[in-house]
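Heads up: the structure comes next, in structure tokens.
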Protein chains: 2
Amino acid sequence: MVNDMRRLNRTAVLTELMRIRPASRKQLAAASGISAATVTRAVEQLIAEGVVVEASELVSEQRGRRAVLLDLVADRAFVVGIDVGASNTRILLADLVGTPIERRELATPVEADAAGLAAWLASAARDIAGDRWDHVAGLYLGLPGAVGRDGSTISNAPNLPQVEEPGFHDLVRAHADRPVRADNDANLALLGEQHFGAARNAPTAVMVTIGTGLGAGIAIDGRILRGAHGVIGEFGQLPAGPLGTRLELMVTGPGILRLAAEAGVRLDSPADLFATDAAEPVRALRAHFDQAMLIVLTAATVSCEPEVIVLGGGIAKSLARDLGRYETVLEHHLGAAPRLTASELGDFAGATGAIVAALHEVYRGIGIDERAFGDLPVAAEAEAR
Amino acid sequence: MVNDMRRLNRTAVLTELMRIRPASRKQLAAASGISAATVTRAVEQLIAEGVVVEASELVSEQRGRRAVLLDLVADRAFVVGIDVGASNTRILLADLVGTPIERRELATPVEADAAGLAAWLASAARDIAGDRWDHVAGLYLGLPGAVGRDGSTISNAPNLPQVEEPGFHDLVRAHADRPVRADNDANLALLGEQHFGAARNAPTAVMVTIGTGLGAGIAIDGRILRGAHGVIGEFGQLPAGPLGTRLELMVTGPGILRLAAEAGVRLDSPADLFATDAAEPVRALRAHFDQAMLIVLTAATVSCEPEVIVLGGGIAKSLARDLGRYETVLEHHLGAAPRLTASELGDFAGATGAIVAALHEVYRGIGIDERAFGDLPVAAEAEAR
DNA sequence: GACTTTGGTTGCGTACTGAAATCAAAATGG
DNA sequence: CCATTTTGATTTCAGTACGCAACCAAAGTC
């Protein structure tokens, strides 16, 4: 316990530096409430550890000595975020402060078995990192399935069954020779949108992804909700409509096509459902879709009262102009409604979130207070890229 | 920052003492990882503050000096929890460690205006406290409406509109001359069940209360979810059934009677719906009810994957023997299901939760780590009463 | 070039901790 | 019945880290 004070102050200074990056010693002292002397000593230690450097001096028109700006050593560590989709895999490489450096989009080798997929993922990560590989601190995978709290056991991934193989996680880790963690892709997409996208400054938010399936991530006070069995966000399992059909079968791409076929309506693609000049039978289908969507949105709203609900996935793109209408109905039903908005990061939301999650692991490792993760404005940085 | 170490250790010792109450200095040192010397000094301070006392010595058959057991000064402070229902008001008085001392059940003066109700509540609190009133640290109100995060602004309380009056909270505080806080009654009922009832040891839990209305409280990792507008847990707003009726109108007492009347079935009371020897038309109604219940339960499950869902309120009493069936269906739909169980605290769940919430305020005041509130086994104590 | 202003560092007294020695209070056993 | 053992609590003491304040450093101002 005797060393605690020192560690506490180190953490406080480092955390504050992340928040107001870059910053001078004086700023850090003021922001953290720690005396200037102690900040000097803490910074000294952080510099010795190689976590922090003295960057350029602050140029100002004031008189007096110029403040020395401190910053994290951005290239001290890199992280790889991989969103492994059922058809495409998106990969991002970012540095310690979240600046994206490389992005790739590859076809997922769906025919490969668990071992093959694991090897492919590891080599893709090595590939995107190039000669920075030595500094890659870890990989984070977004997977289309339920991932246990530990970030390694995977279940219920019908669209990519390989990853359910018990040894899959270990295989990736062995091939990459790096720490590997995983999470549900919807969770990561939300995390991405919260830091870099449509849910900025919304610690409590929901992201609903509608494509070939329906998934949702829920974040409360900046923390992603994770359950033991991955049923969180499975709003698609709610029954809806006259026949009690599962919502999932009504709002997803395949579901729309199937319902249309059953109703004797011909749709070339799910997007046709949202055409403004649609014919009457399509309109009726559309009404059913809207009803189903409202159930999803209502369920999401009453489950945590998010500040914003982000809609992602293929179907969501067609919904942009209906969000205002949905909002109005929600407001009318519930008395209060979250802001509805389309995903800003699109296909790369998951990979971006994987980067964020990976960075959080790194930050944990260098001793940043976990409770501050929500405040870290990595966003501003990456936006400016 | 220089005083931090001392306060930190004081907090750690006090928190540990709450967990393993009563305990010797040595136990506290071992449990908290703080050196015995420091524990001695911290305890010295706590005793001087009047927060802790040396209780009886630990009698053991070992040789050696006997450990002096320390305990909180239970009668240092009392709290009053009041569950203000639309018809009945339940009041509890408890001491600092959560031992219930008095309980009352009174008819709510529904005709009174805001000022009258406030005065009545304050005098009821004074009354139950008796000569302990001087030591009452605060009041906590459970209200049938949406309560803002601050615990004072109240809205959307159709069944007890007086409490929506802007000055209501201040009036109670003025009459009681004590800190007063409020929360939604469903939230408090859940808090009560988590500490003393059916959701013991379930930091993530949902409580659904079905009576004249439908309300739900959600707790995640020991923290009650609170929204700005009180729509959290409003699962009753979900549409269900062929006509898209709001669930609230299908599973609550009045709703059941109305639906029965519409279907031309005569029910004397909502409970008749659950008779095992019911006639065919009643059975059909019952099937609709079950469907609606399953939507509520599914929505609750996918919103946070609770370990347990507690069912409370009048209707829930009739459901006891169906919980297993519901569980099976949930499990089948979602692959995993929470435990379903009936409320253990019954009508007093809300008041009990108010006590817990009030105690948390007191604990915060004497410097116990908020993150430990979930671990405080106030439960064991009160059970033994 | 002295002065002012601002940022960072160093010296010093204070406060608090943990390890170990010591004191306290019980049972044991010859 | 008293020395011994055992266990719990306290005190002593050395060490660490803090904040304050004095001091150094580096810039602009007059």
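Numbers restart at 1 for each chain; the letters A, B, ... are given by sequence-line order, proteins then strands.
- Regarding contacts with the backbone of D:dG19, a side-chain N or O of A:Thr38 is found under 4.0 angstrom from either OP1 or OP2.
- We find that CZ of B:Arg25 is positioned 13 Å from P of C:dA25, with the value rounded to whole Å.
- Rounded to whole Å, atom P of D:dC18 lies 11 Å from atom CG of A:Asp4.
- Salt bridge present: B:Asp221 and A:Arg223 bring a charged side-chain N and a carboxylate O closer than 4.0 Å.
- Comparing D:dT11, D:dA21, D:dA9 against the side chain of B:Arg41 picks out D:dT11 as the nearest.
- A salt bridge does not link A:Arg21 with A:Glu16: none of the charged nitrogens is closer than 4.0 Å to a carboxylate oxygen.
- The CZ-P distance, from A:Arg7 to C:dC16, rounds to 20 Å in whole Å.
- In this structure, B:Arg10 places its CZ atom 14 Å from P of C:dC16, rounding to the nearest Å.
- Under the salt bridge (Lys or Arg N to Asp or Glu O under 4.0 Å) criterion, A:Glu44 pairs with no residue at all, not counting sequence neighbours.
- Side-chain proximity of B:Ala37 to D:dT10, C:dA19, C:dT6: nearest is C:dA19.
- No salt bridge links B:Glu49 with B:Arg76; every basic N to acidic carboxylate O contact stays at or beyond 4.0 Å.
- In this structure, the CD1 atom of B:Ile34 is 12 Å from the C1' atom of C:dC16, given to the nearest Å.
- At whole-Å resolution of the value, CZ in A:Arg66 and P in C:dT6 are 15 Å apart.
- What separates CD of A:Glu44 from C1' of C:dG8 is a distance of 12 Å, to the nearest Å.
- Taking atom CZ on B:Arg65 and atom P on C:dT28, their separation rounds to 18 Å, with Å as the unit.
- Between B:Thr40 and D:dA9 there is no side-chain N or O to OP1 or OP2 distance below 4.0 Å.
- Between B:Asn9 and C:dT17, a side-chain N or O to OP1/OP2 separation shorter than 4.0 Å is present.
- Under 4.0 angstrom from either OP1 or OP2 of D:dC18 there lies no side-chain N or O belonging to A:Ser35.
- Residue side chain B:Arg63 reaches the base of D:dT5 through a donor-acceptor N/O pair under 3.5 Å, judged by distance alone.
- Not counting sequence neighbours, the partners of A:Arg371 by the salt bridge (Lys or Arg N to Asp or Glu O under 4.0 Å) test are A:Asp369.
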